[in-house]
Engineer: 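I'd like to ask you about the structure that follows.
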Amino acid sequence: MASICKGKSSWPELLGADGKSAAATIERENPLVKAIIVPEGSEVIENFRCDRVWVWVDKYGIVYIVPVIG
């Protein structure tokens, strides 16, 4: 299925990476999005947006869910 969003939309290679570095990589690889670091256990709004990527990090700041546009 084709994405309605422009540019790169998924970053599986960042699983296990430092959250801050991951956010910077996402914004560099797709300048149309803002990467937002979200600590484990936090709640986020669930509406879909092409300009946002949640970067879920554990208590050590490590990405534990593959970041995707949403």
Side-chain angles (χ1 to χ4, degrees):
M1 180 172 135
S3 174
I4 60 171
C5 302
K6 297 183 185 216
K8 188 170 180 179
S9 62
S10 178
W11 289 264
E13 70 276 12
L14 296 178
L15 192 61
D18 171 75
K20 290 180 184 176
S21 297
T25 298
I26 291 166
E27 291 179 356
R28 184 178 63 252
E29 292 185 356
N30 185 345
L32 300 174
V33 302
K34 172 132 179 79
I36 303 167
I37 296 174
V38 183
E40 184 175 16
S42 298
E43 293 184 21
V44 296
I45 191 164
E46 295 188 23
N47 65 324
F48 182 85
R49 293 181 50 168
C50 285
D51 64 347
R52 178 182 63 212
V53 177
W54 300 123
V55 181
W56 291 91
V57 296
D58 64 17
K59 65 182 178 180
Y60 303 106
I62 303 301
V63 177
Y64 72 95
I65 295 176
V66 173
V68 295
I69 285 181

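The residues of the chain are indexed from 1 along the displayed sequence.
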Engineer: Do the side chain of N30 and the main chain of S10 share a donor and acceptor less than 3.5 angstrom apart?
Structural biologist: no

Engineer: Which donor-acceptor pairs under 3.5 Å do side chains of residues 32-45 form with protein atoms, sequence neighbours excluded?
Structural biologist:
unit_1: S42; atom_1: OG; unit_2: P39; atom_2: O; d: 2.8

Engineer: Between R49 and D51, is the closest basic N to carboxylate O distance under 4.0 Å?
Structural biologist: yes

Engineer: Specify the closest pair of heavy atoms between W11 and K8, including all atoms of both residues, with the distance to one decimal.
Structural biologist: CH2-O, 3.2 Å

Engineer: Find the distance between CD1 (I26) and OG (S9) and round it off to the nearest 0.5 Å.
Structural biologist: 11.0 Å

Engineer: Would you give me the side-chain donor-acceptor pairs under 3.5 Å for residues 53-70, sequence neighbours excluded?
Structural biologist:
unit_1: D58; atom_1: OD1; unit_2: Y60; atom_2: N; d: 2.8
unit_1: D58; atom_1: OD1; unit_2: G61; atom_2: N; d: 3.1
unit_1: D58; atom_1: OD1; unit_2: I62; atom_2: N; d: 3.0

